[in-house]
Amino acid sequence: MTISPDFSTLAAWLAAPLVAYLLLLAPWLGKRSYDRLVRRRDGDPRALVRMFRSWIAESWGLMAVALALAAMSPGVGLADLGLVMPSGGGSWIIGMVVGATIGLVIVTLVLRSRAKSGRDIPGQAAFSAMLPRTTAERWAAAAMAVTAGICEEVLYRGFLIALGVGVLGLDVKVAAGAALIIFVAGHWYQGWKGLLMVTLAGCGLTALYLAQGSLLLPIVVHALMDLRGLLFVPTPERPAGADTGAVEPVRG
């Protein structure tokens, strides 16, 4: 993958507080928000929906800021942000999307079988308080999954990698590694076990982007993974007489 973004001086300076927010403040705010949800989940039926709405608004707002900074720079094109169709033609794109969907369906079925047998789902405890229980929560979770797929890919992969190359002069792979660290930090609320899973997923999504130069497939795969995690895999069923209390999420 080769990109050559040329950010304007003003855009580069204005990007500094955005990066600082993503690396330092956003992880802390996210953890505080999630911990508040854990405390209020059972007593406040609207707590999860409110949190998702807040996170959705923040995600779209941050992506809008990133795109505005890129728009301020005539030397930054859509291709530099990954906002182009991948090479290979429409049939290749459809094949990749279908293949990713089939793979995630298989994983989902395996995990559902695991849950029905009472075994824990790897990584699920890290965000157990976010699992929806009502129709309203399921719709909010679906909106959150799609939002994360779009906004996080454009922001953490497309924009931050371009910023690292164009402003700091980093090699694209080094810039991708730095962007991945910031992406993982944003999921601090999941605790260290959750961060390991996020790191693995982030590495895969980054590899897809670097191989294609397009965010299309990473966006689709990211959204599908989040939909699977939030909506399509139930919590483990416990044997009769076992403790059925809510799984305590891992905290960082």
Side-chain angles (χ1 to χ4, degrees), residues 26-27 29-60 100-101 103-152 183-184 186-202 204-205 220-252:
L29 290 175
K31 186 177 187 304
R32 189 179 71 165
S33 178
Y34 184 78
D35 287 347
R36 185 187 303 117
L37 172 69
V38 172
R39 293 192 301 269
R40 300 178 179 178
R41 184 75 166 94
D42 293 329
D44 183 355
R46 300 290 296 174
L48 180 60
V49 173
R50 283 200 304 271
M51 191 191 78
F52 277 147
R53 287 177 176 174
S54 174
W55 286 12
I56 288 169
E58 179 189 40
S59 297
W60 286 102
T101 302
L104 286 171
V105 168
I106 293 173
V107 171
T108 299
L109 293 175
V110 171
L111 293 178
R112 288 182 71 89
S113 176
R114 183 184 181 95
K116 289 180 179 179
S117 66
R119 291 178 293 173
D120 291 329
I121 305 301
Q124 191 182 68
F127 56 90
S128 60
M130 293 168 56
L131 298 176
R133 304 170 184 170
T134 67
T135 299
E137 289 178 349
R138 282 189 283 273
W139 279 110
M144 184 72 251
V146 173
T147 292
I150 297 171
C151 297
E152 291 186 3
F183 170 73
V184 173
H187 296 77
W188 181 36
Y189 68 91
Q190 294 190 18
W192 71 268
K193 290 183 179 179
L195 291 180
L196 290 177
M197 302 296 289
V198 172
T199 299
L200 291 175
L205 293 168
V220 172
V221 172
H222 191 153
L224 289 174
M225 287 194 302
D226 283 6
L227 285 169
R228 178 202 59 77
L230 290 175
L231 294 175
F232 301 141
V233 179
T235 55
E237 296 180 4
R238 302 301 181 189
D243 180 14
T244 56
V247 178
E248 180 66 19
V250 178
R251 301 183 186 180

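Position 1 is the first residue of the sequence, and the numbers go up from there.
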Subject >> Partner set under salt bridge (charged side-chain N to carboxylate O under 4.0 Å, His left out) for R46, not counting sequence neighbours >> reply: none
Subject >> Salt-bridge contact K31-D35 (side-chain N to carboxylate O under 4.0 Å) >> reply: yes
Subject >> Any residue meeting side-chain contact (heavy atoms from CB on, under 4.5 Å) with S54, in chain and number order, not counting sequence neighbours >> reply: none
**OP:** First locate atom CG of L29, then atom CH2 of W188, and finally report the distance between them rounded to the nearest 0.5 Å.
**Re:** 10.5 Å
Subject >> Check against side chain to side chain contact (heavy atoms under 4.5 Å, CB included), H187 and E152 >> reply: CA-CA 11 Å; H187 296 77; E152 291 186 3; 3.8 Å; yes
Original post:
Between R41 and A129, is there a donor-acceptor pair closer than 3.5 Å when you use the side chain of the first and the backbone of the second?
Top reply: yes
Original post:
Are any of the side-chain nitrogens in R133 or D42 under 4.0 Å away from the carboxylate oxygens of its partner?
Top reply: yes
Original post:
Between L37 and M130, which heavy-atom pair has the shortest distance, and what is it?
Top reply: CD2-CG, 4.1 Å
Subject >> Which atom of W55 lies closest to which atom of S33, heavy atoms considered >> reply: NE1-OG, 3.3 Å
Original post:
Donor-acceptor pair, T199 side chain versus L195 backbone, under 3.5 Å?
Top reply: yes
In residues 138-149, what donor-acceptor pairs under 3.5 Å come from side-chain atoms, sequence neighbours left out?
from : atom 1 : to   : atom 2 : distance (Å)
T147 : OG1    : W60  : NE1    : 3.1
T147 : OG1    : A143 : O      : 2.8

**OP:** Please list, chain by chain and in numerical order, all residues satisfying ring-ring contact (aromatic ring centres under 6.0 Å, His included) with H222, sequence neighbours excluded.
**Re:** none
Original post:
OH of Y34 to CZ of F127: how many Å apart, nearest 0.5 Å?
Top reply: 8.5 Å
Subject >> Partner residues of T134 under the side chain to side chain donor-acceptor pair (under 3.5 Å) criterion, sequence neighbours left out >> reply: none
**OP:** Scan residues 139-150 for pairs that pass salt bridge (charged side-chain N to carboxylate O under 4.0 Å, His left out), counting only residues two or more places apart or in two chains.
**Re:** none
**OP:** Measure across L231 and P132 and return the closest heavy-atom pair with its distance rounded to 0.1 Å.
**Re:** CD2-CG, 3.7 Å
